[in-house]
Amino acid sequence: QVGPVSSEAPGQSLEQTQCSLHPFQVSFHQLGWENWIIAPHLYSPNYCKGTCPRVLHSGLHSPNHAIIQNLINELVDRSVPRPSCVPYKYTPISVLLIEASGSILYKEYEDMIAQSCTCR
Amino acid sequence: RVHAQDAVALAQVPTLLPLFGALLQEAPRKSPGRRLPRGRPLQYMLALYRQNADPHGRPREKRIFSANAVRLVSPAGRRALPPRGPWYVQTLDFLLEPNRDMEQLVRATVAYRPHLRLSHSHLSCHVEPWAHKSAILLEEGSPGLALPEAWAERDLTDYIQQHVWPAKGKRVLHIQVRCQQQERTQIGLGWSQALATDTAFLVLYFNNTFKNVPRTGLQELLLENPGGADLFSLARPVR
């Protein structure tokens, strides 16, 4: 007996609070890496934020476990938390950097940019 | 910001933080105030970067090479031989030092400038690997890549993989840059200056990512780390 989906925080719309991808940009200067990373100057890792709904729609690509954990939270034990909003898919980033030897290196790093979010 | 001491500590636990482990292996140790490289090598790599990634660093769908790491190596030493007729020859030494076990060399080329302009003349150049006793002639490499303007490329993948690329330790690759004068004019001393500034460098293509670092288990890491008693308590199963 799952209740209707509702906003978690009164006064905030569902869209504002529901688990979703948020764009976020940081510079390598802010990370203190500008001395050895030549390009790009900016990095957009993005992040996932929001509440996971009680009914996990298919767009969230949640595993079965997340559905069960939701039910446990709802019906059995409130101390078991609801699933968390975390990245689902990532994309790589290409970096041009200076190595300790002085060589210039182009390198692709996997899983550096969050592309979508899931509840799990 | 990651301070130096933290960086060392982080680099020692690549299992826990593989990204930091990989990044810090490549980061220069003497970072404060370090000057970024300039000149032709940087221009070359920036052009290569722009061809393969968008301004946000996202790899382009249509990339010009099938490798996920490309290293530009500048010559560690250079010697100009005395001119012989129209020929001007320079020997370049490249230090090859594979610094990662997981680096798989998939392509190796020498990028060079086929035409050098001097004040009253110009030189046409080509490169070839040079063994001390005999020159080794190779066929010209594949012209498949879109190189930055004014650069040519000689594919040395087979030669380097078979003769030079070390399983462990350091080796030196000797390359000769041979330039021929096109006009019968006096070049003077200008040729050695023209050859002294980034006429050729080595470009190595690898297939690897920090993901390929073999990950040891937490228990193994702690066994190898004598001071890991505190960490070990974290790894105990909770009753």
Side-chain angles (χ1 to χ4, degrees), chain A residues 20-48 65 69 72 77 79-81 84 86-118, chain B residues 1-3 7 18-19 22-38 41-60 63 65 67-74 76 94-95 97 99 201-212:
Chain A
S20 61
L21 184 70
H22 293 252
F24 186 79
Q25 199 168 66
V26 65
S27 69
F28 284 113
H29 177 79
Q30 287 173 287
L31 293 171
W33 296 350
E34 77 279 10
N35 282 331
W36 57 284
I37 291 186
I38 302 171
H41 295 300
L42 297 173
Y43 166 38
S44 302
N46 304 328
Y47 64 92
C48 293
H65 176 270
Q69 188 165 326
I72 291 171
D77 188 344
S79 68
V80 176
S84 300
V86 293
Y88 176 62
K89 281 188 177 174
Y90 301 92
T91 54
I93 187 172
S94 296
V95 171
L96 196 62
L97 57 88
I98 307 297
E99 293 186 288
S101 63
S103 300
I104 306 173
L105 180 70
Y106 166 98
K107 192 164 185 175
E108 290 171 17
Y109 289 95
E110 298 291 333
D111 302 340
M112 291 287 284
I113 299 171
Q115 197 181 27
S116 63
C117 301
T118 184
Chain B
R1 286 178 184 269
V2 179
H3 296 287
L19 170 63
L23 288 175
L24 291 166
Q25 274 184 329
E26 278 146 11
R29 298 291 180 264
K30 305 169 187 171
S31 57
R34 186 183 179 84
R35 277 190 170 186
L36 294 179
R38 296 176 185 278
L42 179 60
Q43 287 171 15
Y44 183 92
M45 288 300 278
L46 278 172
L48 183 138
Y49 181 85
R50 289 179 190 124
Q51 286 171 350
N52 288 278
D54 70 14
H56 301 285
R58 289 180 292 243
R60 296 188 191 280
R63 289 182 288 170
F65 50 78
N68 54 23
V70 184
R71 176 176 294 122
L72 183 146
V73 182
S74 294
F94 294 94
L95 191 62
E97 187 181 13
N99 51 2
F201 40 78
L202 191 62
V203 187
L204 303 173
Y205 297 76
F206 301 95
N207 252 340
N208 61 273
T209 67
F210 72 86
K211 269 189 154 183
N212 295 342

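Quantities reported herein were computed from a predicted structural model and do not represent experimental measurements. Numbered from 1 within each chain, the chains take letters A, B, ... in sequence-line order.
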- Counting heavy-atom pairs under 4.5 angstrom with chain A, the leader among B:Ala69, B:Gly57, B:Ala67 is B:Gly57

- Quick one: which of B:Val203, B:Asp54, B:Val73, B:Leu46 has the most heavy-atom pairs under 4.5 Å with chain A, could you say? B:Leu46

- Message: Within this structure, what is the CZ-CD1 distance for the pair A:Phe28 and A:Ile37, rounded to the nearest 0.5 Å?
- Response: 4.0 Å

- Once you round to the nearest 0.5 Å, how far does CD1 of A:Ile98 lie from CD1 of A:Ile38? 3.5 Å

Heavy-atom distances under 4.5 Å only: say whether [X] touches chain A with side chain, backbone, both or neither.
X	answer
B:Asn52	both
B:Pro55	backbone
B:Leu95	neither

- Item | Residue pair A:Val95 / A:Lys107, side-chain heavy-atom distance below 4.5 Å | no

- Note on the structure: Most contact-rich option vs chain B, by heavy-atom pairs under 4.5 angstrom, among A:Ser44, A:Pro92, A:Ser94, is A:Ser94

- Query: Do other residues, nucleotides or ligands put more than 12 heavy atoms under 6.0 Å from A:Phe24 CZ?
  - Reply: no

- Message: I need the minimum non-hydrogen distance between B:Ser74 and B:Pro41, along with the two atoms involved.
- Response: OG-CG, 4.2 Å

- Under 30°, 30 to 60°, or over 60°: which ring-plane class applies to A:Tyr106 and B:Tyr49, parallel, tilted or perpendicular? perpendicular

- Task: Check whether A:Leu96 gets within reach of chain B through its side chain, its backbone, both or neither, counting any heavy atom under 4.5 Å.
- Result: both

